[in-house]
Novice: 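Structure provided below as structure tokens; questions to follow.
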Amino acid sequence: MNKIKVRFAPSPTGPLHIGGARSALFNYLSARHNRGELVLRSEDTDLERSRREYEEEIIESLRWLGIDWDEGLEVGGENGPYRQTERLNLYNEYTARLLESDQAYYCFCSEEELEEERRQAMARGQMPGYSGKCRYLTAEEVKARLAQGQKPAIRFKVPSNRVYVVDDLVRGRVNFDSNNIGDFIIVKSDGIPTYNFAVVIDDVLMGISHVIRAEEHLSNTPRQLMIYDALNLKRPEFAHISLILGDDRQKMSKRHGATSLVQYREMGYLPEALFNFLALLGWSPEGEEQILSPDEIISAFTLERVAKNPAVFDLDKLNWINQQYIKQKDHEELKTLIMPYLQESPYAEDVARLDKVQLDLLVEVLRDRIICLNDVGKELAEFFALPEYDAGAMEILQADGTEPVLEAFINGLPDYKEAAEIQQFIKSITKSLKLKPKNVFMPLRCALSGKSHGPDLPYLIFIWGREESLSRVRQVLEMIK
RNA sequence: GGCCCCUUGGUCAAGCGGUCUAAGACACCGCCCUUUCACGGCGGUAACGGGGGUUCGAGUCCCCCAGGGGUCACCA
């Protein structure tokens, strides 16, 4: 088998979408698994909507996810340029061939005319599709109109009574009847080629062996096959992966909340978690393990194990995976990740007062309590929000046995060096007062934090510091007396 | 509407004619650990869309129907 070469070809009309990211990922995985190559190219022929900023944002997102490529944007290569708008002369050559061989023709219809045609077809109960009106214009008419300065589009002459067959690597054999397809535009009146045409030329010129893309492109494939055939070009293999749906089973869109990769980054998801999660949407490894490193995924990835059915984006699972990755981080790495969130929080000043030991403990306590980095903000309130004694807390504080516990705490809290000593000390109160642990911990917790739940009490005390803790308990003691 | 794709538990999914009285994971529920919450451990509820075939035997193959999705642009 020849070396495989795949590509990811986004159109820079918006940020990288979750679905696009997965297409990129599957291409990347195929390339790496087979020791082939990945090309990144920009399909920017929609002049209206394409923006260079989006291209940059997409590239940044891909890099963030952990995807790199061997040829194309930013890295260069021998088949450039890698932006379609910079390849216009290349397409012209093929357009000319199609025109000369009478497989394409000029179309002078205006938007309005086409619109009207569509309306009438609808009214007749038929569906839109170009009538072929300009197909039989004589050479003289064409010449005349051109001379008048009219700007025509160029349409491909769809052969009739032909069946186009796609042997799709994930869907199997799919047939399309050419009679259901109207003559389509390959070059717009502004001289820019359309997707269905440019994509073929690029894939051929760049030596793409496998086209792996979203299923929404399956219906377009016969049009592309026509171009390959008309130009006598070798067709690549195709693999159409199913779409990612929202929880209402519709194609993922803004309505479903965050759909772009940058949004997930901003929410504090880790790139390795997204990488893992996206790989598992539509693909599954042989084993039962769900948490897989990029290398493990690469070595296990094959198109044969890609599912045909669409997948609903399951945020719960993403959350769980992200949590797993947070748990796996070593301390310093986690600290580095969390620091910015600590510094941006309303409690940044409190955090700044902590010494290294306290800060390290805070990071470790946070580890088990957050799902994504963004949770740090609200979790921090558990540590640094001033106590507000709610009804439940007051009830516990005003119970009979509370006073002696608080007094014992104030009188006996040792000059500890680590949180474990605090734990031991509180345990010792349970013994000396002959109380259940709960009847010691809860009054203290409520006195200290105002709440009946939260992180381990010794950790909280350690992070607040001895003086602050004592002072809080003293105040409560006075209040309830 | 035409064409095309898809259909296993709430979700992701394994299964590629017999070992399926159907795996695993997320979520959910229960129990345990525990001062509480979280973490962790253990266990549980829960599925082959419907109908016809083919076959000794069908979740697995074929057909029909239903449902969902995609596509029919001078967008990709």
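Residue numbers start from 1 in every chain, and the chains themselves are labelled A, B, ... in the order their sequence lines are given, proteins ahead of strands.
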Novice: Got a donor-acceptor pair under 3.5 Å from the side chain of A:S242 to the base of B:C6?
Specialist: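 Donor-acceptor pair under 3.5 Å: no.
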Novice: Given B:C39, B:C75, B:U35, identify the nucleotide with an atom nearest to the side chain of A:K327.
Specialist: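 The closest nucleotide is B:C39.
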Novice: Record whether the side chain of A:D314 comes under 3.5 Å of the base of B:A27 through a donor-acceptor pair of N or O atoms.
Specialist: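 Side chain to base: no pair present.
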Novice: Does the separation of the ring centres of A:Y164 and A:F176 fall below 6.0 angstrom?
Specialist: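 Between A:F176 and A:Y164, which both carry aromatic rings, the centre distance is not below 6.0 Å.
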Novice: Hey, would you say the A:F301 and A:F26 ring centroids sit under 6.0 Å apart?
Specialist: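 Yes, they do, as the ring centres are separated by less than 6.0 Å.
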Novice: Where the side chain of A:F176 is defined as all heavy atoms beyond and including C-beta, which of B:G40, B:C3, B:C74 is the nearest nucleotide?
Specialist: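 Taking heavy atoms from C-beta onward, the closest nucleotide is B:C3.
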Novice: Please state whether the rings of A:F238 and A:H240 are parallel, tilted or perpendicular, taking 30° and 60° as the class boundaries.
Specialist: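 Parallel, since the angle between the ring planes stays under 30°.
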Novice: Can you find a donor-acceptor pair, distance only, under 3.5 Å between A:R171 side chain and B:C6 base?
Specialist: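 Side chain to base: no pair below 3.5 Å.
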Novice: Of the candidate nucleotides B:A76, B:U11, B:C37, which contains the atom at the shortest distance from the side chain of A:S11?
Specialist: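 Among B:A76, B:U11, B:C37, the one nearest the side chain of A:S11 is B:A76.
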Novice: Contact class for A:N319 vs. all strands (heavy atom < 4.0 Å): base, sugar-phosphate, or nothing?
Specialist: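 Touches nothing.
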Novice: Examine B:G24: is either OP1 or OP2 under 4.0 Å from a nitrogen or oxygen in the side chain of A:Q290? Give yes or no.
Specialist: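 Indeed not, no polar side-chain atom of A:Q290 lies that close.
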Novice: Among B:U35, B:U7, B:A76, which nucleotide has an atom closest to any side-chain atom of A:T45?
Specialist: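 Output: B:A76.
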Novice: Using the side-chain heavy atoms of A:D46, tell me which of these nucleotides is nearest: B:G70, B:C75, B:C37.
Specialist: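 Per side-chain heavy atoms of A:D46, the pick is B:C75.
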Novice: Quick check for you: among B:U71, B:A13, B:U35, whose closest atom lies nearest to any side-chain atom of A:S284?
Specialist: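 For the A:S284 side chain, the nearest candidate turns out to be B:A13.
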Novice: So, A:Y195 versus A:H217, ring centres under 6.0 angstrom or not?
Specialist: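 For A:Y195 and A:H217, the ring centres are under 6.0 Å apart.
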Novice: By nearest atom, which of the nucleotides B:A38, B:A76, B:G68 is closest to the A:R249 side chain?
Specialist: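 Looking only at side-chain atoms, A:R249 lies closest to B:G68.
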